[in-house]
Enquirer: 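Please read through the structure below; I'll follow up with questions.
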Amino acid sequence: MTVKVPEIFGCMVFNDDVMRERLPKEVYKSLTKTIATGRAIDASIADVVANAMKDWAIEKGATHYTHWFQPLTGVTAEKHDSFISPIGNCKVVMEFSGKELIKGESDASSFPSGGLRATFEARGYTAWDPASYAFVKDGTLYIPTAFCSYTGEALDTKTPLLRSLDALSTQGLRILRLFGDTTCKRLVATVGAEQEYFIIDKEMFDKRKDLLYTGRTLFGAPAPKGQELEDHYFGPLKPRISAYMADLDEELWKLGINSKTKHNEAAPAQHELAPIYATTNMAVDQNLLIMEYMKKIAEKHGLVCLLHEKPYAGVNGSGKHNNWSVSTDSGKNLLDPGKTPAENVKFLLILAAIIKAVDDYQDLLRISVAHAGNDHRLGANEAPPAIVSIFVGEEIAEIIDSIVKKTTLKHTKAGIMDLGIPSVPTFRKDTTDRNRTSPLAFTGNKFEFRMLGSSQNIALPNVVLNTAVAESFKQFADVLEAADNFDEALAKLIRDTFKAHRRILFDGNGYSVEWEKEAEKRGLLNLKSSVDAYKCFNLEKNVKLFTDHGVMSEIEINSREDILFENYSKIINIEALTMIEMASRDILPAVNAYIAEIADTAAAKLAVIPDLSCKMEKELIKRLSALIDNAYESLETLKRVEREAAAISNNVERAEAYRDKVIPAMDELRVSVDEMEKLTSSEYWPMPNYGDMMFRV
Ligand code: ADP
Ligand code: MG
């Protein structure tokens, strides 16, 4: 069966084409203006839009609608209402009003609110976000919405995102105006998120309680083969995986998601999907849909998709690369190095703004990717280190160097403008030297933020990027707008900024110990664990950043910080309890049964030939019995420290106890168990092993 891609692409989306076709001209114009400017919707057109949406959705098989939102649980939420409206005589008509489209009420009390719930009413409401298209899925019209408490506090990830996009646009336009752009009305941040994932056979998955409850394996001796041969990366796709990917692509295309690239990743059974970038708001929604469909389609194929950052110890984990850029409303990318010296100076200023933003808010960027799952990757020599730094490529690094030192460029054919800013007509785009160890890499016309975990919502990292860069733009605009001599002020600003923030640039090996030392000398932050990172969230400078730009209030920041600490503790707690259950009820009994069998075997042998040595049986019994005692001791320790940690009432101290006491106890238990796995007959081992899980898909 061939898929007619252009025909199905976006067929389930209420996109611009559908709007133009189905809405009266004036309504269409008003709505697109709303979308382009980020303004509130004109209430008078809402009924017309809602009705058109409903008619279209019904044609696509919908009977219900839902306000789709992103509470702070990290996943999406939805509540379905049908379109039916009784008209007496046991009859109904299908109705959908503008009011229902724009605003929904939702009981907020069961969603995490990080203390907001205590202070505010439990009721919350969802508000339509017209900038992300509505779509039909499984017989329901999905309306992307923001989710707030009744008093207006954001209870979701989308609200701060939309606010940060406004802030970026507002401050960025001030910069563009200084360079003579009088027409651009709005700046748009664009995002392309590359998504990594693992696939496992459903039957194997079902036999692993750890995967079921925690998404990762908590036990497991390494398989004889891992990723050392590098034969999986970009290798040919297995037929089952290929069929799965084809199905996935088709469903995503119907939802208007530009799923573009798919390939095998470094670890066995690991893969990647990359969409073509979209506006940030849409990219966030689409990434959530991609993750949802990855899981859903896998089930259809008898597979399970693992989005956890570290499903298996010893092989690479999964991350997400957040490619980010800013462009004008007419699509001109501000991170495209210019073709003329004047454009080139503007580019350098924008680059300086980003470098400053990353340096000033290293901690926030680190927080935005900090969660228990990602702690297994960052700094573990498979993903970027926990230290935030930027890679700009050799040529740009040289340009920055020459600006700071006021020297002439060596390798580039560049002239030096008066004022000491090099006038490079075009940059050679650095496509060859891709420093894979860098947390944030400039890749020609965009920044690739590589610290994100595979399971996370990408909203917060983008909130931080947008807001931090908005702040740089603001400070720059303040200086330049007040300058008597623009060119001079501009040159000084660029030089001063590069000079002050050059420490954040690093082109070397981010995995090396030397870098850790060097970074410390430079005064860069090295927030090793999520818990360390979270503590920086409500530092005064960070609160000031978010409140100055209207992105988050202090209450909203504190509530998020609370939730982060709490989630961390909850996750480790579930992992600890799962280990306790698996060890107590499955693993130790299995090993004992195996020991009994060996003992029986030895006894049987000795009954036949009394002077046999039974060396193998005796040694195995000795070693397994010693390991089982170790495991038992570790298990008892784990039970105790888990109880103690769970009893701590202070959020921060509890998280610290999970990190400092519970995780080491879990690690210790795992050592004994993995050792026992190597010695125990696979017939007795109560679950599939690493080799089965990774190589038998
Ligand atoms: P690679 O990283 O392998 O070189 P690409 O450069 O083609 O791959 O792009 C990787 C991701 O970056 C894709 O999702 C792509 O759509 C996205 N991307 C490309 N240009 C931009 C941009 N201007 N803004 C945001 N994302 C972008
Ligand atoms: Mg990439």
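Ligands are counted one by one from 1 in listed order, and the atoms in each one are counted from 1 as well.
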Enquirer: May I ask you to decide if the ring planes of Phe506 and Trp515 are parallel, tilted or perpendicular, using 30° and 60° as cut-offs?
Expert: parallel
Enquirer: Under 3.5 Å between any N/O of Thr190 and any N/O of ligand 1: does that happen in this structure?
Expert: yes
Enquirer: Could you tell me whether Tyr277 and ligand 1 have an N or O pair separated by under 3.5 Å?
Expert: yes
Enquirer: Only one of Glu196, Gln270, Glu309, Arg377 clears side-chain hydrogen bond (donor to acceptor under 3.5 Å, both in side chains) with Ser318; which?
Expert: Gln270
Enquirer: With heavy-atom distances below 4.0 Å as the criterion, list the atoms of ligand 1 near Glu194.
Expert: 2 (O), 10 (C), 11 (C)
Enquirer: In terms of the angle between their ring planes, are Trp68 and Tyr142 parallel, tilted or perpendicular, with boundaries placed at 30° and 60°?
Expert: perpendicular
Enquirer: Would you kindly specify which portion of Lys260 sits under 4.0 Å from ligand 1, judged on non-hydrogen atoms: side chain, backbone, both or neither?
Expert: neither
Enquirer: Which one holds for Glu448 and ligand 1: side chain close, backbone close, both close, or neither close, with close meaning a heavy atom under 4.0 Å?
Expert: side chain
Enquirer: Would you mind running through ligand 1 and noting each atom that sits below 4.0 Å from a heavy atom of Asn333?
Expert: 23 (N)
Enquirer: Closer than 4.0 Å to some heavy atom of Pro275 - which atoms of ligand 1 meet that?
Expert: 13 (C), 14 (O), 16 (O)
Enquirer: Check each heavy atom of Leu335 against ligand 1 and say whether those closer than 4.0 Å belong to the side chain, the backbone, both or neither.
Expert: neither
Enquirer: Quick one, Val18 and Asn15 - any side-chain contact, counting heavy atoms below 4.5 Å?
Expert: yes
Enquirer: Any heavy atom of Thr443 closer to ligand 1 than 4.0 angstrom?
Expert: no
Enquirer: I need the atoms of ligand 1 closer than 4.0 Å to a non-hydrogen atom of Ile276, numbered in the order shown.
Expert: 16 (O)
Enquirer: Taking 4.0 angstrom as the limit, do Glu251 and Lys300 come out as a salt bridge?
Expert: no
Enquirer: Could you tell me whether the side chain of Phe179 reaches within less than 4.5 Å of the side chain of Leu490, counting heavy atoms only?
Expert: yes
Enquirer: Can you tell if the side chain of His301 reaches within under 4.5 Å of the side chain of Asp247, non-hydrogen atoms only?
Expert: yes
Enquirer: Is Asp359 salt-bridged to Arg502, going by a charged N under 4.0 Å from an acidic O?
Expert: no
Enquirer: Can you list the ligand 1 atoms lying under 4.0 Å from a non-hydrogen atom of Lys446?
Expert: 5 (P), 6 (O), 9 (O), 12 (O), 18 (N), 19 (C), 20 (N), 21 (C), 27 (C)
